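In what follows, a single structure is set out as structure tokens and then discussed.
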Amino acid sequence: MEVTASKPVTGRFAPSPTGCLHSGSLVAAVGSYLMAKRAGGRWLLRLDDLDAPRQVAGMSDDIMRTLESFGLFWDGEVARQSLNQEYYRQAFELLQARNLLYPCSCSRKEIALAASAPHSDDDGPPYPGSCRTGMKAGGVVRSWRIKSPDGEVCFSDLRRGVICQDLTKVCGDFAIRRGAAEYLYQLAVVVDDGVAGVNQVVRGDDLLSSTPRQVYLQRILGLPQPDYCHLPLVTGPGGSKLSKRDHLVSHQLSSLKGREGQLLLAVLRFLGQNPPPELYGSGCAELLEWGIAGFDAALIPAHGGSLPI
Ligand code: GLU
């Protein structure tokens with residue numbers, strides 16, 4: 001696998017075109033943009049279009065137009081996961097050659113039934129390893145799993161500090177491919193970032209619990225580990241998690257037309273930044289220019305919350 005040199009900073013924003021950007025994705029876009037640009041780096045846009053059935057027609061364009069309307073212009077060509085299949089295949093073969101993968105016939109239902117350990121809803125129960133020593137007779141291959149390592153996988157997050165996870169307890173041996181050729185998120189994102197030379201990953205806290213899996217994959221694939229910064233989450237009414245259906249920035253653009261600066265100011269404040277009063281009422285270009293010169297990651301707050309707009 002060809003991997004480009006790791007310095008200077010290359011950041012990225014990697015939305016999935018399964019819905020319009022919401023205010024939570026805007027926080028990730030602005031945070032990743034400003035942290036990359038503050039370091040004098042590049043900011044790439046990748047459309048995570050791996051999960052074809054969940055994609056919504058027109059969303060890739062919608063996302064790009066929304067980013068542009070906030071002045072968030074990416075560097076170079078837009079990357080797409082759908083174009084990286086060959087890299088995923090190479091990574092899969094490398095892991096297979098190292099005897100780290102095995103085929104698995106278990107359905108979700110079987111895994112839930114076999115699981116005894118408590119688990120977080122996000123991750124589901126850890127895979128109990130039923131197929132590690134071979135599939136049951138007559139089983140069909142539903143997925144390919146990678147053996148989780150013994151001991152903890154740790155990494156340092158700029159905002160959250162050192163995070164350690166025992167993958168055997170959190171997810172067990174995790175799937176990296178479904179069926180014959182459907183590569184899954186954990187493998188894909190590691191390969192995508194490696195191929196593009198991304199060395200700074202700034203994204204929402206909802207992905208924090210996936211990061212040890214990704215760090216583990218980077219280590220065994222021999223890919224450099226990016227710097228990580230997971231941002232606080234924007235919550236909906238009553239502190240609920242935002243979904244693609246909520247706070248649709250694009251849907252609001254008709255009412256927000258001309259108010260993008262106001263929303264961007266709210267995002268900067270949400271990220272703990274304090275633009276001076278003379279910038280209140282400014283457009284996106286001035287606000288971003290201020291952020292590029294002065295974004296201070298140390299000010300990003302510990303907790304998320306709602307985004308007042
Ligand atoms: N495409 C993922 C999402 O929209 C984000 C991937 C990443 O940042 O690693 O949730």
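Just so you know, ligand 1 is whichever comes first in the structure, and atom 1 is the first atom listed for that ligand. Keep in mind that the numbers below use all heavy atoms, side chains included, and drop hydrogens, waters and symmetry copies. Given the structure is predicted, the values throughout are model-derived calculations rather than measurements.
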I need the contact type for Leu207 against ligand 1. Using non-hydrogen atoms and a strict under-4.0 Å cut-off, is it side chain, backbone, both or neither? side chain
Checking heavy atoms under 4.0 Å, the part of Arg12 that sits near ligand 1 is side chain
For Gln214, is the nearest heavy atom under 4.0 Å from an atom of ligand 1? no
Contact between Phe13 and ligand 1, counting heavy atoms under 4.0 Å? no
Check Arg159, Arg160, Gln200 against Cys229 for a side chain to side chain contact (heavy atoms under 4.5 Å, CB included) and give me the one that passes. Arg159
Near Glu86 CD, under 6.0 Å, is it more than 12 heavy atoms from other residues, nucleotides or ligands? yes
Heavy-atom count check: over 12 atoms from other residues, nucleotides or ligands less than 6.0 Å from Glu289 CD? no
Do Arg38 and Asp296 sit within salt-bridge range, that is, some charged N less than 4.0 Å from a carboxylate O? no
Are Val78 and Leu47 side-chain neighbours, meaning at least one heavy-atom pair lies under 4.5 Å? yes
Taking only heavy atoms of [X] into account, list the atoms of ligand 1 that are under 4.0 Å away from them.
X: Arg203; answer: 7 (C), 8 (O), 9 (O)
X: Ser16; answer: 1 (N), 2 (C), 3 (C), 4 (O)
X: Val189; answer: 9 (O)
X: Asp48; answer: 1 (N), 2 (C), 5 (C), 6 (C)

Ligand 1 N/O within reach of Arg46 N/O, cut-off under 3.5 Å: no
For ligand 1, find out whether one of its N or O atoms is nearer than 3.5 Å to an N or O atom of Ala14. yes
Residue set satisfying side chain to side chain donor-acceptor pair (under 3.5 Å) with Asn84, at least two apart, ordered chain then number -> Asp192
Any residue meeting ring-ring contact (aromatic ring centres under 6.0 Å, His included) with Tyr185, in chain and number order, not counting sequence neighbours: none
